[in-house]
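Only heavy atoms go into these numbers, but all of them, side chains included; no hydrogens, no water, no symmetry mates.
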Amino acid sequence: MLVDRLWPRGLSKEAARVDEWAKAVAPSGELRKWFHAGGSVAEFRERYAVELRSEEAGAELDRLRGVAAAGPVTLLTAVKDPGASHAGVLAALLG
């Protein structure tokens, strides 16, 4: 399951073989730009948690929890350090 808002550069959709693209749980473009401009990881996690409480993201997160409860889920992202990114936050929320 791809959990980025943007498709990874240089990777075709055929080669990726991704089952789902969960854009709604990815950080907003504004949050992503703020973080890449030098925002702290701790504050990023706080701001991202607020975004996940939106109606659209919350509904998608609930759906993903159901998918994860049924079996293993692989979260795919193009970030260099998934542990210090939204993917790490999502993985923790999904158990």
Side-chain angles (χ1 to χ4, degrees):
M1 182 171 304
L2 180 63
V3 292
D4 284 337
R5 195 159 303 265
L6 303 173
W7 189 264
R9 285 186 217 174
L11 181 64
S12 73
K13 291 181 181 176
E14 294 77 29
R17 297 176 35 205
V18 172
D19 292 327
E20 292 188 43
W21 187 3
K23 292 181 194 179
V25 294
S28 66
E30 294 82 20
L31 180 56
R32 191 174 39 81
K33 288 174 188 173
W34 170 85
F35 183 61
H36 290 296
S40 73
V41 172
E43 189 172 347
F44 169 80
R45 288 175 182 258
E46 290 174 17
R47 290 181 180 202
Y48 180 52
V50 170
E51 287 189 355
L52 288 174
R53 289 187 208 106
S54 75
E55 187 175 333
E56 180 184 13
E60 182 68 357
L61 186 56
D62 287 344
R63 189 186 72 77
L64 293 180
R65 282 185 178 120
V67 171
V73 173
T74 302
L75 302 178
L76 302 172
T77 181
V79 299
K80 292 178 183 171
D81 184 4
S85 74
H86 70 288
V89 174
L90 281 175
L93 290 172
L94 296 176

Checklist entry - Going by an N to O cut-off under 4.0 Å, is there a salt bridge joining R47 and E43? => result yes
Checklist outcome for this item: All heavy atoms of A57 vs all of V25, minimum pair found to be O-CG1, 3.9 Å
Checklist entry - Does the H86 side chain pair with the main chain of V3, one donor and one acceptor, at a distance under 3.5 Å? => result yes
Checklist entry - How are the rings of F44 and F35 set relative to one another: parallel (under 30°), tilted (30 to 60°) or perpendicular (over 60°)? => result tilted
Next on the checklist: How close do P8 and A78 get, counting heavy atoms only, and between which atoms?
Outcome noted: CB-CB, 3.9 Å
Item to check | Residue pairs passing the side-chain hydrogen bond (donor to acceptor under 3.5 Å, both in side chains) test where at least one lies in residues 65-81, sequence neighbours excluded | outcome: D4-T77, D62-R65
Checklist outcome for this item: Taken in chain and number order and not counting sequence neighbours, the residues that satisfy side chain to side chain contact (heavy atoms under 4.5 Å, CB included) with A15 are L11, S12
Checklist entry - Any salt bridge between R63 and E60, counting N to O under 4.0 Å? => result yes
Checklist entry - Is the closest side-chain heavy-atom distance between L94 and L75 below 4.5 Å? => result yes
Checklist entry - Which pair of non-hydrogen atoms, one from R32 and one from L6, has the smallest distance, and what is that distance? => result NH2-CD1, 3.5 Å
Checklist outcome for this item: When rounded to the nearest 0.5 Å, the distance separating OH of Y48 from CZ of R53 is 12.0 Å
Next on the checklist: I'd like to know if the side chain of R5 reaches the main chain of P27, judged simply by a donor and an acceptor atom lying under 3.5 Å from each other, with no hydrogens or angles considered.
Outcome noted: yes
Checklist entry - Okay, side chain of E51, backbone of S28: is any donor-acceptor separation there less than 3.5 Å? => result yes
Checklist entry - More than 12 foreign heavy atoms under 6.0 Å from CD of E56: is that the case here? => result no
Checklist outcome for this item: Rounding to 0.5 Å, atoms CG (L90) and CG (L64) come to a distance of 7.5 Å
Next on the checklist: In the structure I gave you, are the side-chain heavy atoms of M1 and L76 within less than 4.5 Å of one another anywhere?
Outcome noted: no
Next on the checklist: For residues V79 and L2: do they belong to one hydrophobic cluster (side chain heavy atoms under 4.5 Å, members Ile, Leu, Val, Met, Phe, Trp, Tyr)?
Outcome noted: no
